[in-house]
Amino acid sequence: MKIRNEAVFYINGKRYSVGAPQAGLMLSDFLRYELSLTGTKVVCAEGGCGACTVLCLFIKKKSQTYLPVNSCIIPVALMDGSSIITIEGIQTAQHELHEVQKNILKHHGSQCGFCTPGVVVTLAGMVEKTLNKPEGLVSKKPERQKIKNALTGNLCRCTGYEPIIKSGSNIDLSKCTPLQSRYLSRSEEKDLLNTVKQPLLIESEGFSYFSPTSMSEAVKYLAENKDACIVSSCTALGVSHNKYKIRLRNLMSLQLIDEYHRISMQKSRIHVGARVTLSELRTAVAAKIPELSRFINLFASPQIKNMATLAGNVGNASPVGDLLPFLLVSDAKIFLISKHGKRTVPVEEFFIDYKKTVLRRGEIISAISFDIPGKNEVLRMFKASQRKDLDISAVSAVFRIVWSEQGPKKIASARIAYGGVGPTPMRLFKTERLLEGAHLSPELFSKTAVRLQSEIHPTSDLRGSEAYRRIVAQNFLRRLFLEVCET
Ligand code: FES
Ligand code: FES
């Protein structure tokens with residue numbers, strides 16, 4: 001098969017074909033320094049402030065609309081097969097301001113202006129999503145809560161959020177035209193679809209990027225390039241690159257492989273492909289596991305969740321990885337593939353030490369599956385961080401309780417997992433055993449709390465001291481008892 005050596009994407013309707021060395025730049029740098037599209041700003045360079053937000057639609061996910069993403073932590077190569085809209089492309093086809101821009105102006109939603117392009121692009125993304133809803137416009141003005149949710153990943157240091165929210169609340173949606181009708185023309189769509197049928201290999205001194213179109217190509221490449229690093233969205237690696245000057249060298253992405261974008265739901269299990277984003281996961285589980293959907297809302301920004309994946313969360317193996325305790329209580333299985341074949345690892349056996357897993361060289365995480373809790377079960381997910389939204393946890397905990405049929409509040413089985421209390425995310429088997437067959441009571445809480453303290457091994461770091469983590473870990477258990485006893 002023919003292999004391309006340039007990433008192809010559109011920016012504001014113009015086609016770009018980019019090889020080395022620009023393909024290794026972060027998208028924000030490419031926009032600003034190569035294309036002079038300086039409207040996109042860079043403030044934190046770590047995916048935390050949203051100043052660099054652009055809208056992006058990947059043709060492999062063409063059922064979606066344009067979604068906001070952080071351009072400061074995405075290498076240009078990863079934009080292959082996408083259509084991008086920057087702040088310069090937001091104005092109308094007649095070169096008039098977009099409704100979002102008009103309202104920011106009218107309601108004083110900007111002062112120094114550094115965050116403003118990101119805020120405008122994010123709000124334009126929210127408008128786009130609303131306009132593309134199958135049921136059409138149900139209201140002429142965006143809801144206040146929706147505006148606040150959309151802006152979770154945009155920080156402003158000087159305006160204060162009220163004028164920005166007021167600007168959003170006054171957008172007349174009936175006057176907005178979908179950006180998609182302007183920027184994703186039939187010919188653009190056809191061109192991108194044809195382009196991504198071919199694998200992409202970009203090689204230059206010090207940087208290489210491979211994006212295969214089939215699992216067999218991926219496995220073969222990894223067998224021959226054992227130091228290749230598989231990237232989902234680069235949200236972790238992009239930060240290391242910007243902050244610690246870690247060079248991106250040998251990357252491989254699975255984004256052109258169709259089957260990795262699939263999420264399938266059976267009666268009691270969910271199967272999530274390696275390229276399913278956290279935003280897609282949240283939507284897919286909203287009806288079956290509302291607690292998981294609620295929890296996904298709490299961490300990372302919408303911009304990050306539109307790119308980051310569950311597989312990336314697992315592969316990164318951080319002790320505070322947001323979804324790892326959930327997987328530990330949900331009988332998750334990690335599906336791996338290499339040139340030696342396939343294997344499935346139960347999640348309890350996957351994490352072996354700080355950021356170390358059983359993943360062998362040449363192995364790829366192809367999918368993850370986990371349980372859907374049954375009707376007689378309770379799932380509770382908690383996290384503590386300095387900021388409620390968009391912050392890395394100091395401690396997190398997930399409890400899954402199965403009620404016995406032999407009486408009220410009698411526990412048949414319990415699964416408990418914590419993050420941030422040891423070198424890996426941990427299942428607390430000994431603590432669980434105390435709960436099994438017991439009735440919830442204050443005495444049971446006291447006994448369980450003592451057992452919990454003996455089973456966790458938190459250390460001190462910048463997110464919290466050992467003592468703080470122990471108190472929080474115990475408070476999560478207390479909260480479980482209080483909440484569950486009340487239901
Ligand atoms: Fe802050 Fe990109 S510059 S998120
Ligand atoms: Fe200055 Fe938002 S207007 S940071």
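Order of appearance sets the numbers: ligands from 1, and atoms from 1 within every ligand.
Judged purely by atom type and a 3.5 angstrom limit, Thr38 has no side-chain atom pairing as donor or acceptor with the backbone of Arg32. No donor-acceptor pair closer than 3.5 Å links the side chain of Arg275 to the backbone N or O of Leu254.
Rounded to 10°, the angle formed at atom 2 (Fe) of ligand 1 by Cys52 SG and Cys72 SG is 100°.
Side-chain atoms of Thr92 and Thr177, non-hydrogen and from C-beta on, never get closer than 4.5 Å to each other.
Within 6.0 Å of atom NZ in Lys243, more than 12 heavy atoms from other residues, nucleotides or ligands are found, so the atom counts as buried in its surroundings. More than 12 heavy atoms of other shown residues, nucleotides or ligands fall within 6.0 angstrom of atom CD in Gln145. Shown here is Leu298, whose CG atom has more than 12 heavy atoms of other residues, nucleotides or ligands within 6.0 Å. For NZ of Lys129, the number of neighbouring non-hydrogen atoms (other residues, nucleotides, ligands) closer than 6.0 Å is 12 at most.
Counting the atoms of ligand 1 from 1 in the order shown, those under 4.0 Å from a heavy atom of Val43 are 3 (S). Remark: ligand 2 atoms within the under-4.0 Å shell around heavy atoms of Gly113 are 1 (Fe), 3 (S). Interface atoms of ligand 1 facing Asn70, defined by a heavy-atom separation under 4.0 Å, are 4 (S). Listed by number with element, the atoms of ligand 1 under 4.0 angstrom from any heavy atom of Gly47 are 4 (S). Those atoms of ligand 1 that come under 4.0 Å of a heavy atom in Cys49, given as number and element, are 1 (Fe), 3 (S), 4 (S). Under a 4.0 Å criterion applied to the non-hydrogen atoms of Gly48, ligand 1 contributes the atoms 4 (S). For ligand 2, the atoms closer than 4.0 angstrom to any heavy atom of Thr159 are 3 (S). Residue Cys115 has at least one heavy-atom neighbour below 4.0 Å for each of these atoms of ligand 2: 2 (Fe), 3 (S), 4 (S).
Between the side chains of Ser208 and Glu203, no donor-acceptor pair is found at a separation under 3.5 Å.
Taking backbone and side-chain atoms together, Cys44 has no N/O/S atom less than 2.8 Å away from atom 2 (Fe) of ligand 1.
Atom 4 (S) of ligand 2 has as its closest protein heavy atom Arg157 N, 3.2 Å. The nearest protein atom to atom 1 (Fe) of ligand 2, hydrogens excluded, is given as Cys158 SG, 2.2 Å; this is a heavy-atom distance.
Within the 4.0 Å heavy-atom criterion, the part of Ala45 lying near ligand 1 is the backbone and not the side chain.
Taking the six-membered ring where tryptophan is involved, the planes of Tyr418 and Phe399 are perpendicular, since the angle between them exceeds 60° and thus also 30°.
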